Amino acid sequence: MGRTIWFLTTNQGKVEEARDHVSGYGYDIQQLVVPGVELVEPQTDDLVTVAKAKIEQAVPHLPNPDDLLLVEDAGLFVQALHGFPGVYSAHALKTIECQGMIRLLSHLQSEDPVQEKKLRAAEFQAVAALWDGTTVHIGHGRCPGSIATTAMEGEGFGFDPVFIPADLDEHRQPLSPGDIGAFSAHGKTFGAMKMSEKHLYSHRRRALDDLMTVLSGLPGGVE
Ligand code: IMP
């Protein structure tokens, strides 16, 4: 078994997702829950700053100081709202919920579906931060797309019911909302997809892949 990475999250789904992505690199992912400790998020619009602040607070709770610590922070950035809710996505979900997001964009509609996707452009961004005992390594992931006009529920969580990912090109790289690519959600939201289909587009998966690429470039890094 490779080195243990403790993933600081209360979301078991995220642990499964991370395990799926990084076990091939020889790491063993375990969930780190710190009961009774309320992590403080700094007032900032930058996901990297939030992730680094969480690392700093969680390092003293690592079960073994030689193990690695993973933190992930994500948000939904809506173009017409100048990037809101961004780092405040969890709070926005709790307060206005998916229906509130649809209402905020209700004036942005068009007869032309391509134009409508551009007007309602948004993207999920994720940052995966890994503490290796001396340094914090950062991976970035993004998933461009658009906000649906009606919610489509299913397996997902958070803003999944209202987010339609943009098409991907033949190399599975995301295009701009409205552009036609080799892979398409055909208007389905993340919420209406199977988890396995969401992974094709997921900002979280992309952030973890980027992190693994960063680590493999380091001396003595993963293969
Ligand atoms: P977290 O930092 O990854 O916990 O994400 C913060 C908030 O962003 C969540 O509470 C959700 O509202 C939203 N969010 C992040 N990633 C996703 C996703 O993959 N689907 C839906 N909502 C997400």
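Whatever order the structure lists them in is the order used to number ligands and atoms, beginning at 1. None of the values given here were measured: they were computed from a predicted structure. When a residue number appears, it is its place in the shown sequence, counting from 1.
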Practice task
Counting heavy atoms only, name the option from A207, S89, C98 that's nearest to atom 13 (C) of ligand 1.
Solution key: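 Heavy atom nearest to atom 13 (C) of ligand 1 belongs to S89.
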
Handout entry: Option whose closest heavy atom lies nearest to atom 20 (N) of ligand 1, chosen from T9, V162, D160
Key =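 The option holding the nearest heavy atom is D160.
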
Could you check [atom] against the protein and tell me its nearest heavy-atom contact, residue, atom and distance included?
atom                    : value
atom 6 (C) of ligand 1  : A74 O, 3.3 Å
atom 11 (C) of ligand 1 : G158 CA, 4.1 Å
atom 22 (N) of ligand 1 : F159 N, 3.0 Å

State plainly whether the residues [X] and [Y] are in salt-bridge range, i.e. N to O under 4.0 Å.
X    : Y    : value
R142 : D210 : no
D73  : K54  : yes
K14  : E72  : yes

Problem - Residue-ligand contact K14/ligand 1, heavy atom below 4.0 Å - result: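 Yes, that is the case, since the closest heavy atom of the residue is under 4.0 Å from the ligand.
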
Handout entry: Atoms in ligand 1 flagged as close to K198, the criterion being non-hydrogen separation under 4.0 Å
Key =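 With K198 as reference, the close atoms of ligand 1 come out as 18 (C), 19 (O), 20 (N).
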
Return yes when atom [atom1] of [X] has more than 12 non-hydrogen atoms of other residues, nucleotides or ligands closer than 6.0 Å, and no otherwise.
X    : atom1 : result
D46  : CG    : yes
H107 : NE2   : yes
E170 : CD    : yes

Exercise for the section: First locate atom CD of E116, then atom CG of L105, and finally report the distance between them rounded to the nearest 0.5 Å. Expected result: 10.5 Å

Exercise for the section: May I ask you to identify, for F157, whether its side chain, its backbone, both or neither come under 4.0 Å of ligand 1 on a heavy-atom basis? Expected result: both

Quick check: [X] and ligand 1, any N/O pair under 3.5 Å apart?
X   : value
L93 : no
L76 : no
K54 : no

